[in-house]
Amino acid sequence: MSKPLLTELKALNFSQQVVAWYHQHGRKQLPWQLSTGQHKPYHVWLSEIMLQQTQVVKVIEYFDRFIKTFPTLDDLANAEEQQVLALWSGLGYYNRARNLHKSAQLCQQQHHSQLPQDLQQLIGLPGIGRSTAAAIMSLAYDQAEPIMDGNVKRVFARHFLIAGEPNKSSTLKQLWQLAEVHKEQHEAAAYTQGLMDLGATICTKHQPKCDQCPINESCQARKKDMIAQYPAKKQKVKQAEVDLYALLSVDGSNVGLNQRDEHSIWPNLMFLPLFESAETLLNAHADAQQHFSLTHKLTHRILQIHVYLLKQPIKSTAVQMIDREDLINRPHPKALIHILNQHDNH
DNA sequence: TTCCTGCACT
DNA sequence: AGTGCAGGAA
């Protein structure tokens with residue numbers, strides 16, 4: 001059977017057009033997708049949690065490493081949280097890894113080591129909200145449930161000319177209602193994946209490829225030539241600047257790390273000992289030398305990290321001298337890698 | 001450099 | 001309404 005031409009697809013309705021476009025142009029070779037089209041729920045779940053915060057290219061390497069280490073949901077549930085966090089190191093938003101681990105244990109205990117096949121039960125698991133639950137229902141179980149992630153918000157805001165800021169509750173309500181109206185009963189997985197792929201590859205924020213869009217003729221923002229104005233811009237977050245003083249204790253290939261407080265930034269992750277001022281750092285370690293400074297941005301803070309070098313091991317009991325080769329087994333934020341790389345270049 | 005995106009929890 | 005990390009694009 002020959003592929004239908006784009007012009008022939010115009011007779012179809014919104015969701016049918018998205019499905020048809022998916023069969024021609026959507027992504028079907030991602031590591032969490034099986035050629036049969038029936039994807040493993042555990043794989044879909046893991047990929048969706050990672051994709052909440054990271055683009056596909058970056059997720060792929062982490063996903064493969066995860067599945068290699070934890071081939072099944074039981075393997076994940078049986079793991080130590082520190083090992084899960086270690087595998088998550090560099091991805092950011094570490095609570096998602098903690099919730100992933102907790103959810104795996106809940107599934108093991110309450111759902112016979114399976115991901116539930118029910119929207120509300122999925123939402124009941126930590127780390128799974130309405131959109132992620134719907135994505136799992138669609139992609140893993142082929143059940144028609146509307147999703148509303150960042151890509152889909154953009155597609156809907158443009159196509160149906162929804163003006164408000166996408167994260168405002170009134171706007172969200174409109175968007176979810178549209179998603180509900182336009183959900184696809186017969187090919188839920190193809191429709192959901194198609195919507196996401198359409199947003200990611202065609203209906204992009206900058207320079208959308210409207211000429212390749214299967215639903216361009218009914219797109220209201222395009223009709224008004226106002227695509228750049230949709231969706232409305234979010235209010236930007238204020239980032240407070242914070243100065244931190246980090247002690248880099250180096251002894252051969254070992255560096256001194258301690259586990260961070262559970263209420264601090266990067267809770268429970270391994271990092272260099274931090275001080276609030278140069279004075280408190282030097283008070284505790286008089287031999288430390290000012291080394292370099294770098295900027296690291298978090299969601300609501302811009303960290304100016306001033307690194308002080310100490311060319312000897314730290315004796316404090318809270319600090320462990322850890323071989324850099326062993327970092328792969330220890331949870332740590334990306335900032336640690338940036339600091340060590342910069343140290344190597346000095 | 002500056003701007004921007006991501007989704008769930010509290 | 002405030003919070004969490006990192007990276008990609010303009």
Side-chain angles (χ1 to χ4, degrees), chain A residues 45-62 85 87-103 106 119-120 122-136 146-155 157-158 165-172 175-176 179 192 195-196 199-201 203-209 228-242 244 260-271 294-305 331-339 341:
Chain A
W45 171 43
L46 177 59
S47 71
E48 284 300 320
I49 299 300
M50 288 181 165
L51 287 165
Q52 285 173 4
Q53 64 202 53
T54 314
Q55 293 189 323
V56 167
V57 174
K58 186 78 180 172
V59 163
I60 288 174
E61 65 181 278
Y62 278 83
L85 285 169
L87 278 171
W88 203 268
S89 295
L91 268 187
Y93 295 115
Y94 297 93
N95 272 335
R96 294 171 200 266
R98 297 187 183 95
N99 286 334
L100 183 78
H101 185 226
K102 282 183 207 149
S103 287
L106 285 170
L119 186 75
Q120 291 307 323
L122 285 169
I123 291 172
L125 294 169
I128 301 181
R130 182 174 173 188
S131 190
T132 299
I136 294 169
I147 58 163
M148 193 45 66
D149 69 7
N151 286 325
V152 180
K153 283 175 189 169
R154 192 168 54 250
V155 173
R158 285 174 174 167
E165 203 208 315
N167 291 328
K168 247 179 55 181
S169 63
S170 60
T171 315
L172 267 180
L175 290 168
W176 273 110
T192 296
L195 260 188
M196 298 193 297
T201 64
C203 196
T204 50
K205 175 161 179 36
H206 299 286
Q207 297 169 331
K209 303 171 183 68
Q229 280 74 39
Y230 288 81
K233 275 189 289 190
K234 304 172 189 171
Q235 55 184 8
K236 64 175 179 183
V237 296
K238 288 179 203 152
Q239 291 175 292
E241 290 197 25
V242 180
L244 293 174
R260 298 197 48 72
D261 184 86
E262 65 173 315
H263 300 295
S264 62
I265 55 169
W266 305 310
N268 294 340
L269 271 55
M270 305 298 291
F271 199 68
L294 55 76
T295 304
H296 191 84
K297 295 191 172 87
L298 304 179
T299 306
H300 295 95
R301 277 177 283 226
I302 299 174
L303 308 181
Q304 296 289 347
I305 305 179
H332 57 277
K334 198 72 177 176
L336 179 62
I337 302 302
H338 291 321
I339 290 172
N341 286 345

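Model, not experiment: these values are computed from the prediction. We name chains A, B, ... by the order of the sequence lines, and we start the count at 1 in each one.
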Protein-nucleotide distance (Leu172(A), atom CG; dA1(C), atom C1'), rounded to Å: 14 Å
Between His300(A) and dG2(C), is there a contact of a side-chain N or O with OP1 or OP2 at under 4.0 Å? no
Enter the distance from Glu48(A):CD to Met50(A):CE here, rounded to the nearest 0.5 Å. 12.0 Å
So Tyr93(A) and Thr54(A), do their side chains get closer than 4.5 Å, heavy atoms only? no
What nucleic acid atoms does Asn167(A) come within less than 4.0 Å of, heavy atoms only: base, sugar-phosphate, or nothing? nothing
Whole angstrom value for the distance that separates P of dC4(B) from NZ of Lys153(A): 16 Å
Of all the nucleotides listed (dC5(C), dC4(B), dC9(B)), which has the minimum atom distance to the side chain of Leu298(A)? dC5(C)
Over 12 foreign heavy atoms within 6.0 Å of CD, Gln55(A): no
What's the CG-P distance between Asn99(A) and dA8(B), to the nearest Å? 11 Å
Atom pair distance, as rounded to whole Å: OH in Tyr93(A) and C1' in dC5(C): 5 Å
List the atom of Arg154(A), the atom of Gly199(A), and the distance in Å for their closest heavy-atom pair. NH2-O, 2.7 Å
Validation row: Pro208(A), Arg158(A) side chains within 4.5 angstrom (heavy atoms): yes
Return yes if the base of dC5(C) and the side-chain atoms of Thr299(A) contain a donor-acceptor N/O pair under 3.5 Å, otherwise no. yes
From the options dC7(B), dC5(C), dG6(B), select the nucleotide whose nearest atom is closest to the side chain of Thr132(A). dC7(B)
For Arg98(A), answer base if it contacts any base atom (sugar-phosphate contacts may also be present), sugar-phosphate if it contacts only those atoms, and nothing otherwise; contact means non-hydrogen atoms under 4.0 Å. nothing
Would you mind classifying the nucleic acid contact of Ile49(A) as base, sugar-phosphate or nothing, using non-hydrogen atoms under 4.0 angstrom? nothing
Tell me: CD1 of Ile265(A) to C1' of dG4(C), nearest whole Å? 11 Å
Hey, is the side chain of Trp88(A) poking within less than 4.0 Å of OP1 or OP2 on dA6(C), counting only N and O atoms? no
Does any N or O donor sit under 3.5 Å from an N or O acceptor when you compare the side chain of Arg96(A) with the base of dC7(B)? yes
Nearest whole angstrom, please: distance from the C1' of dG6(B) to the CE of Met196(A). 14 Å
Taking the nucleotide of DNA chain B with the nearest heavy atom to each, does Gln52(A) or Pro126(A) sit closer to the 5' end? Gln52(A)
Approximate separation, where rounding is to 0.5 Å, of Ser103(A) OG and Leu46(A) CG: 12.0 Å
Which part of the nucleic acid does Pro166(A) contact within heavy-atom distance under 4.0 Å: base, sugar-phosphate only, or nothing? nothing
Sugar-phosphate only, base, or nothing, as touched by Ile147(A) at under 4.0 Å among non-hydrogen atoms: nothing
For Arg96(A) and Asn99(A), what are the C-alpha separation, side-chain angles and deciding distance, and is it a side-chain hydrogen bond (donor to acceptor under 3.5 Å, both in side chains)? CA-CA 5 Å; Arg96(A) 294 171 200 266; Asn99(A) 286 334; over 6 Å; no
For a 4.5 angstrom cut-off between non-hydrogen side-chain atoms, does Ile60(A) reach Val56(A)? yes
Please enumerate all protein N or O atoms sitting under 3.5 Å from an N or O of nucleotides 7-10 of chain C, with distances to 0.1 Å.
none

Rounded to the Å, how far apart are Asn95(A) CG and dG2(C) C1'? 14 Å
Rounded to the nearest Å, what distance is computed from the NE2 atom of residue His332(A) to the P atom of nucleotide dC5(C)? 14 Å
Base of dG4(C), side chain of Tyr94(A) - is there a donor-acceptor contact under 3.5 Å? no
